[in-house]
Asker: 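Starting off with a structure, shown below.
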Amino acid sequence: MTPPALTTRDIAVADLTEKQAKSELQSLAKVIAAHDVAYYTQDAPAVSDADYDALRQRNDAIEKRFPDLVRADSPSKRVGAAAGGGFKKVNHAVPMLSLGNAFADEDVTDFVERIRRFLDLGEDEKVEMLVEPKIDGLSFSARYEHGRLVTAATRGDGAVGEDITANIKTIKEIPDLIMGDVPKAIEIRGEVYMTKSDFQAMNERQAVAGGKIFANPRNAAAGSLRQLDSKITAQRPLKAFTYAWGAVEGALTWTTQWEFVQRLKAWGFPVNPRAVVRESVAGMLEEYQKLGSDRAGLAYDIDGIVYKVNRLDWQKRLGFVSRAPRWAIAHKFSAERAETRLETIEIQVGRTGALTPVAQLTPVNVGGVMVSRATLHNEDEIARKDIRVGDTVIIQRAGDVIPQVVEVKFDKRPKTSKAFAFPRKCPVCGSLAVREEDAAVTRCTGGLVCPAQAVERLRHFVSREAFDIEGLGEKSIEAFFADGIIKSPADLFKLTRDKIAGREGWGDKSIDNLLAAIERRRSVSLERFIFGLGIPQVGQATARLLAHHYGSLDAWEQAMTAAKDEDSDAFRELTGIEQVGPSVATDLIGFFAEKHNRDVLAALRKAGVTAEDFVRPDTSNSPIAGKTVVFTGTLEKMGRNEAKAGALALGAKVAGSVSKKTDYVVAGPGAGSKLKDAEALGVKVLTEDEYLALIG
Ligand code: IVH
């Protein structure tokens with residue numbers, strides 16, 4: 001559901017008539033509830049936190065002036081949103097509450113004053129406060145019985161949450177078992193979050209795969225934690241901080257908030273290292289300032305700082321007001337959003353040839369940092385948000401990593417603006433850029449000649465699984481490329497002593513070794529040759545299939561060129577190879593359609609580099625021809641790749657997991673689940689020696 005537009009009126013609360021107040025409270029209840037669903041249940045907030053807070057503040061202010069008008073469904077009586085469908089519900093024995101907000105320094109002074117009055121403290125009595133960052137994540141409550149984690153839940157509406165036990169268990173930082181001075185049962189509460197760098201990396205992966213792109217680390221954490229399939233959660237880089245307790249059976253053995261944090265630490269829970277105790281408003285505000293200026297450098301997002309009365313006996317006396325404790329408050333930071341103009345969209349080409357659109361912005365200050373660029377992720381994201389050059393956009397520093405464009409101000413769009421046409425050519429080398437099937441990523445087909453990709457491709461070319469040239473590390477490749485000594489793979493085979501001598505780190509011996517290593521690889525197997533070209537989606541397995549199918553470099557090259565025509569036999573033959581789908585075929589054809597790539601091949605040939613023809617081994621006497629073999633554990637007499645290659649050469653199929661179709665599982669020391677699977681399915685298990693004896 002899309003939350004309705006904001007309807008907060010411009011009339012000051014003091015000037016509202018009762019009738020106006022009544023109607024506004026009604027609409028605020030509706031609007032805030034809708035935003036709560038968007039934020040808590042759908043992990044897709046529709047307004048900024050600041051706008052949301054403003055709505056809540058307005059609601060509170062009206063209710064304060066007209067206490068008789070407070071509605072049964074008032075937002076002030078509620079936190080979060082009701083738990084969504086799909087998860088089992090969990091009742092929180094002690095409700096999971098929210099926190100009141102402070103925005104200005106005076107709000108903090110008022111907060112402490114209120115506490116002093118409530119407790120009727122003498123003038124010299126100090127109020128110690130535990131001060132810690134407010135983590136911008138998703139709160140959870142984990143119940144431990146006899147030290148063992150039994151259930152975990154989201155906050156939900158504060159009273160009923162969603163059962164996310166299996167998901168919480170995938171988070172390594174949250175212990176399954178706690179020992180020592182542990183109550184019989186205790187609910188440990190905290191926040192699940194994602195670091196800014198993990199969030200960025202995950203979004204990059206999602207952008208390539210065409211998966212969901214998250215607006216910020218909080219949404220990414222929430223979306224990852226609220227997965228019905230915990231296997232997905234397990235793949236997401238989630239972390240946690242703990243800071244509170246809920247229901248406890250047995251005596252509390254701590255008397256202050258600080259002691260509790262130490263207890264958490266001793267039990268093995270992650271606690272925030274920035275927690276400190278302060279005993280004056282000045283000290284609290286100083287922490288707020290400090291944390292505010294360190295905020296951008298923290299590994300995770302925080303949206304404020306929390307002050308909690310340290311003494312538990314005082315906390316108890318202070319108690320709660322509707323949705324929040326009287327003894328704690330959140331001092332919020334200002335929103336990290338700003339409005340600016342999108343001047344151009346630049347296309348960056350990554351090492352694998354992926355084209356990434358980046359917005360160039362009129363520089364603007366966002367939360368103290370000047371921002372002039374924002375990531376646009378991929379073609380689909382631009383289309384989805386309808387982002388155009390010349391637009392006025394709202395940008396957000398999501399975790400201060402790479403700022404993002406949150407939304408377009410359509411009302412400010414110039415009349416002449418046109419939808420952005422994603423390039424079909426690589427801006428770096430001019431080669432065709434092809435969108436991958438079933439993915440959102442567009443890649444440059446320039447491969448080996450695109451400077452943006454060249455170094456990475458050269459590194460791939462010399463790697464162990466490809467041409468296997470020893471003694472040429474990434475640094476050397478970069479240096480050789482920068483100096484123009486090696487621009488394309490063929491240049492490797494034209495290297496001479498003179499070209500390398502005198503360079504830092506290159507003595508006579510290492511030059512000899514390198515030249516010898518290169519010489520040894522003037523001829524490699526066809527599959528290594530094909531793999532070494534670094535064609536997108538052509539990994540070792542596909543290279544092997546192609547080598548086995550076409551047999552020689554000439555035959556393969558001719559076939560790939562002829563397959564350009566989708567009506568050709570060559571095309572039908574290519575797509576007919578088992579496991580070569582249309583998407584792989586497109587990449588292969590795209591590679592050969594580029595003259596640059598054909599030139600690279602021609603240059604390799606000219607430099608005397610050859611691919612050995614694939615000769616189908618005579619497997620008529622092979623004891624494992626047609627059989628499916630799985631290798632697991634440590635092999636002691638042969639390397640894993642050697643074992644696989646040997647089995648393939650003998651006509652066997654090598655699989656990565658055990659099924660009913662598996663004929664043999666070859667298990668070395670340390671074999672785990674695959675061995676268990678084999679035993680469960682009654683598949684024949686061989687030791688390495690037994691296997692070697694079998695194949696002779
Ligand atoms: S204490 C009864 N401490 O912020 C008080 N909350 O806006 C329990 N939060 O519901 C909360 N960091 O989900 C506390 N260091 C921290 C926090 C924190 C983040 C979250 C929590 C809470 C919400 C209130």
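In each ligand, atom 1 is the first atom listed, and ligand 1 is the first ligand listed. Note that the numbering runs from 1 along the sequence shown for the chain.
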Asker: Who's the nearest protein heavy-atom neighbour of atom 20 (C) of ligand 1, and how far?
Answerer: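 Atom 20 (C) of ligand 1 sits closest to the protein heavy atom Glu191 OE1, 3.5 Å.
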Asker: Consider only side-chain N and O atoms of Arg263 and Thr253, and report whether a donor and an acceptor are under 3.5 Å apart.
Answerer: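 Arg263 vs Thr253: donor-acceptor pair found between side chains.
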Asker: Distance to 0.1 Å, residue and atom name: give those for the protein heavy atom nearest to atom 21 (C) of ligand 1.
Answerer: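 Residue, atom and distance for the closest contact: Tyr243 OH, 3.1 Å.
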Asker: Verify the ring-centre separation between Tyr193 and Phe241: is it less than 6.0 angstrom?
Answerer: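 Aromatic pair counts; centres sit under 6.0 Å.
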Asker: Is it the side chain, the backbone, both or neither of Ala328 that has a heavy atom closer than 4.0 Å to ligand 1?
Answerer: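 Near ligand 1, Ala328 shows nothing, with every heavy atom at 4.0 Å or more.
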Asker: Indicate yes or no for a side-chain donor-acceptor contact from Arg295 to the backbone of Ile302 under 3.5 Å, with no hydrogens or angles considered.
Answerer: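 Yes.
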Asker: Have a look at Asn272, Ile135, Ile329 and point out the one with the heavy atom closest to atom 19 (C) of ligand 1.
Answerer: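 It is Ile135 that holds the nearest heavy atom.
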Asker: Write out the residue and atom name of the closest protein heavy atom to atom 24 (C) of ligand 1, then the distance separating them to 0.1 Å.
Answerer: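 Closest protein heavy atom to atom 24 (C) of ligand 1: Leu99 N, 3.6 Å.
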Asker: Among protein heavy atoms, which sits nearest to atom 2 (C) of ligand 1, and what does the distance come to when rounded to 0.1 Å?
Answerer: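 Ranked first by proximity to atom 2 (C) of ligand 1 is Pro325 CG, 3.7 Å.
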Asker: Any idea which part of Arg155 is under 4.0 Å from ligand 1, heavy-atom wise: side chain, backbone, both or neither?
Answerer: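 For Arg155, only side-chain atoms sit under 4.0 Å from ligand 1.
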Asker: May I ask you to decide if Phe87's main-chain N or O and Lys89's side chain share a donor-acceptor pair within less than 3.5 Å?
Answerer: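 Confirmed, Lys89 side chain pairs with Phe87 backbone.
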Asker: How about Arg413: does its CZ atom have over 12 heavy atoms from other parts shown lying under 6.0 Å from it?
Answerer: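 More than 12 within 6.0 Å, yes.
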Asker: Evaluate the side chain to side chain donor-acceptor pair (under 3.5 Å) criterion for residues Glu63 and Ser74: first the C-alpha distance (whole Å), next the side-chain angles of each, then the deciding distance (0.1 Å), finally the verdict.
Answerer: CA-CA 9 Å; Glu63 287 186 346; Ser74 165; 2.4 Å; yes
Asker: Ignoring angles and geometry beyond distance, decide whether Pro133 reaches within less than 3.5 Å of ligand 1 through its nitrogen or oxygen atoms.
Answerer: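 Yes; at least one N/O pair falls below 3.5 Å.
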Asker: Using atom types as modelled and distance alone, determine if a side-chain donor or acceptor of Thr242 lies under 3.5 Å from a backbone N or O of Gly190.
Answerer: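 Between the backbone of Gly190 and the side chain of Thr242 there is no qualifying donor-acceptor contact (under 3.5 Å).
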Asker: Among all protein heavy atoms, pick out the one at the shortest distance from atom 23 (C) of ligand 1; state its residue, atom name and that distance to 0.1 Å.
Answerer: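 Answer, as residue, atom name and distance: Lys134 NZ, 3.9 Å.
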Asker: Tell me: protein heavy atom nearest atom 15 (N) of ligand 1, and distance?
Answerer: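 Nearest neighbour among protein heavy atoms for atom 15 (N) of ligand 1, to 0.1 Å: Glu132 OE2, 2.9 Å.
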Asker: Indicate yes or no for a side-chain donor-acceptor contact from His92 to the backbone of Arg155 under 3.5 Å, with no hydrogens or angles considered.
Answerer: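 Looks like yes, one N/O pair under 3.5 Å.
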Asker: Evaluate Lys308 for polar contact with ligand 1, using N/O atom pairs at a separation under 3.5 Å.
Answerer: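 Yes: some nitrogen or oxygen of Lys308 is under 3.5 Å from one in ligand 1.
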Asker: Find all atoms of ligand 1 within a distance of less than 4.0 Å from any non-hydrogen atom belonging to Ser139, and give their numbers and elements.
Answerer: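 Numbered from 1, ligand 1 contributes 13 (O).
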Asker: Checking side-chain polar atoms at under 3.5 Å, does Glu191 have a donor or acceptor matched by the opposite partner on Tyr243?
Answerer: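 Yes.
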Asker: When you compare ligand 1 with Leu97, is there at least one nitrogen or oxygen pair between them that comes in under 3.5 angstrom?
Answerer: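 For ligand 1, there is an N or O atom that lies under 3.5 Å from one belonging to Leu97.
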